[in-house]
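Notes for the one structure printed next.
Reckoned from all heavy atoms, side chains included, excluding hydrogens, waters and symmetry mates.
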Amino acid sequence: MKRYRHYNKGTAIILSCFGSVIEQDKYFAFEAYIKKEFEGTPVFTAFSSKMVIKALAKEGKEFKNLPQVMADVDMEGYKRYIVVSVNIFPTDEHEVLIRMVKGFKKFSLANIRYTNPLLQKTKETSLYLKNLDETIRKENPDIVNVYVIHGVPVLNLAGLESVSYASEFLKMIDENNLTCSLEGKFPFYAVKGAIKKEILKRKEQNPYLKVQVVPMLLVSGNHYFHDMVEISEAINEYCECKITPPLDGTAKFNLLGQENVRKIFRDNIEVELTKLGLE
């Protein structure tokens, strides 16, 4: 087939990220990590948020979305490429990614695969969340952790089971874990009274009780500065509260900088390379 002769390059990796106006560097640090882990394999990065792309364009920074990057990679002639779902849950952003990959497969001669997001497999999800909780409460085992998941604004999306599992698992492994969301199931604005009641109940048993808000965000962007700070200040009105300190040496807590998070994404890429018949 004449068209196939243009596919004269090997394998590429595309990181599909949501994007951030103020925390793009964290995505590019992750890109550097993947390049190091898969040395010799070209790595490209795409962003799915048009709002982010347009905002950064005003600053003279040009970035592309996933269809644009896939078109570039296809035009360059890569025979195989893996689209990495740099998302926490297999919800709306991941579903859009799947549709884009399936769309490209209808006309591209390349072998295109996509990875799972961070928290999709039960074993990896359970081990990661257990390790995270143990790590951030290590210095104070009795601290109350309020895990804040971004969530999705509708209740009929695929992948919501993974969000529910993460929430229930965290509450099951420690009675001092509470969960809420920004715009998904049990949003903070609707359940803050119930959270206050639970915290004050524990404070009766422990007058020195402390609380920390745990942002379940890949990068600490605008949601960190607005929502997480607002939640922390609301709780601080009746119990000492702070946002949990970062685990990766940066200024603000985030998931993408954590080594075990990066390893899950890395292993997901390895799985798809194996499926392509590559070691």
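Counted within 6.0 Å of NZ on K171, heavy atoms from surrounding residues, nucleotides or ligands total more than 12; the atom is thus considered enclosed. More than 12 heavy-atom neighbours from other residues, nucleotides or ligands sit within 6.0 angstrom of OH on Y238. No more than 12 heavy atoms of other residues, nucleotides or ligands sit less than 6.0 Å from atom NZ of K192. The number of heavy atoms from other shown groups lying within 6.0 Å of CD (E59) is above 12. Residue Y33 places its OH atom among more than 12 non-hydrogen atoms of other residues, nucleotides or ligands, all under 6.0 Å distant.
Looking only at atom types and distance, the side chain of D174 has no donor-acceptor partner in the side chain of N145 under 3.5 Å away. With hydrogens and angles left out, the side-chain atoms of H223 and D227 include a donor and acceptor closer than 3.5 Å. Inspection of the D142 and N206 side chains reveals no N or O donor paired with an N or O acceptor under 3.5 Å. Side-chain atoms of Y224 and N254 form no donor-acceptor pair, as typed in the model, at a separation below 3.5 Å.
In this structure, SG in C17 is found 8.0 Å from CD in Q24, a value given to the nearest 0.5 Å. Separation of atoms OG1 (T179) and NZ (K185) is listed at 9.5 Å; rounding is to 0.5 Å. In this structure, M216 CE and M228 CE are separated by 9.5 Å, a value rounded to the nearest 0.5 Å. For the atom pair N111 CG and K105 NZ, the distance stands at 7.0 Å (nearest 0.5 Å). Note that CG of L170 is 13.0 Å distant from CG of N176, once rounded to the nearest 0.5 Å. Rounded to the nearest 0.5 Å, atoms CZ (R262) and CG (D248) are 7.5 Å apart.
Contact check for T125 versus Y165: side-chain heavy atoms found under the 4.5 Å cut-off. The side-chain heavy atoms of F89 and H94, taken from C-beta on, include no pair separated by under 4.5 Å. In this structure, K121 and Y128 have side chains that are not in contact, with every pair of non-hydrogen atoms separated by 4.5 Å or more. In this structure the side chain of V43 never reaches within 4.5 angstrom of the side chain of F30, judged on heavy atoms. Side-chain contact between P42 and Y78 is present, with heavy atoms from C-beta onward closer than 4.5 Å. Annotation: side chain of L119 is not in contact with side chain of S162 (no heavy-atom distance under 4.5 Å). Under the 4.5 Å side-chain criterion, counting only non-hydrogen atoms from C-beta, V86 is in contact with L256. Taking the side chain as every heavy atom from C-beta outward, I269 and L273 approach each other to under 4.5 Å.
Salt bridge K252/E23: present, at least one basic N to carboxylate O contact under 4.0 Å. Salt-bridge annotation for E134 and K138: absent, with no side-chain N of the basic residue lying under 4.0 Å from a carboxylate O of the acidic one. Salt bridge present: R202 and E198 bring a charged side-chain N and a carboxylate O closer than 4.0 Å. Using a cut-off of 4.0 Å between Lys/Arg side-chain N and Asp/Glu carboxylate O, E95 and R99 are scored as not salt-bridged.
In terms of heavy atoms, P215 sits closest to I243 at CG-CG2, 3.8 Å. Closest approach of T41 and A12 over heavy atoms only: CG2-CA, 4.1 Å. Pairing each heavy atom of S16 with each of L66, the nearest pair is OG-CD2, 3.8 Å. I173 and K130 make their closest contact through CD1-CA, 4.1 Å (heavy atoms, listed as atom of the first residue, atom of the second, distance). Nearest approach of C239 to L209, heavy atoms of both residues: SG-O, 3.5 Å. The two residues S48 and E93 come nearest to each other via the heavy atoms OG-OE1, 3.1 Å.
Y147 pairs with exactly one of D133, T244, N177 by the side chain to side chain donor-acceptor pair (under 3.5 Å) rule, that one being D133. The ring-ring contact (aromatic ring centres under 6.0 Å, His included) with Y27 is formed by just one residue from the set F47, F18, F44; it is F47. Screening V261, L217, L255 for a side-chain contact (heavy atoms from CB on, under 4.5 Å) with I88, the sole residue that qualifies is L255.
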Can L182 and F188 be said to form a side-chain contact (heavy atoms from CB on, under 4.5 Å), step by step? CA-CA 6 Å; L182 296 180; F188 181 76; 5.9 Å; no
Chi angles and distances behind the side-chain contact (heavy atoms from CB on, under 4.5 Å) call for M70, D74: CA-CA 6 Å; M70 291 176 73; D74 199 83; over 6 Å; no
Under the side-chain contact (heavy atoms from CB on, under 4.5 Å) rule, what do I199 and I195 come out as? Steps first, then yes or no, please. CA-CA 6 Å; I199 292 174; I195 287 177; 3.7 Å; yes
Hey, mind stepping through K263 and E259 against salt bridge (Lys or Arg N to Asp or Glu O under 4.0 Å) and telling me if it holds? CA-CA 6 Å; K263 185 177 185 304; E259 185 59 34; over 6 Å; no
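In this structure, the side chain of N236 engages the main chain of C241 through a donor-acceptor pair within 3.5 Å. In terms of modelled atom types and a separation under 3.5 Å, the side chain of R137 and the main chain of I143 share a donor-acceptor contact. Within the 3.5 Å criterion, the main-chain N or O of V163 finds no donor-acceptor partner in the side chain of S167. Side-chain atoms of Q212 come within 3.5 Å of backbone atoms of I136 as a donor-acceptor pair (strictly under, hydrogens ignored). Although no hydrogens or angles enter the test, the distance criterion places no donor-acceptor pair under 3.5 Å between the side chain of T91 and the main chain of L160.
Note on F63 and M51: same hydrophobic cluster, where clusters join Ile, Leu, Val, Met, Phe, Trp and Tyr whose side-chain heavy atoms are under 4.5 Å apart, directly or indirectly. When the side chains of ILVMFWY residues are joined at heavy-atom separations under 4.5 Å, either directly or via intervening members, V73 and V84 end up in two distinct hydrophobic clusters. Two different hydrophobic clusters hold L15 and V96 under the rule that ILVMFWY side chains link at heavy-atom gaps under 4.5 Å. There is no path of hydrophobic side-chain contacts, each under 4.5 Å, that joins V101 to F265. Hydrophobic clustering keeps V83 apart from Y7 (ILVMFWY residues linked when any side-chain heavy atoms are closer than 4.5 Å, directly or through intermediates).
Under the 30°/60° scheme for interplanar angles, the aromatic rings of F107 and F104 are found to be tilted.
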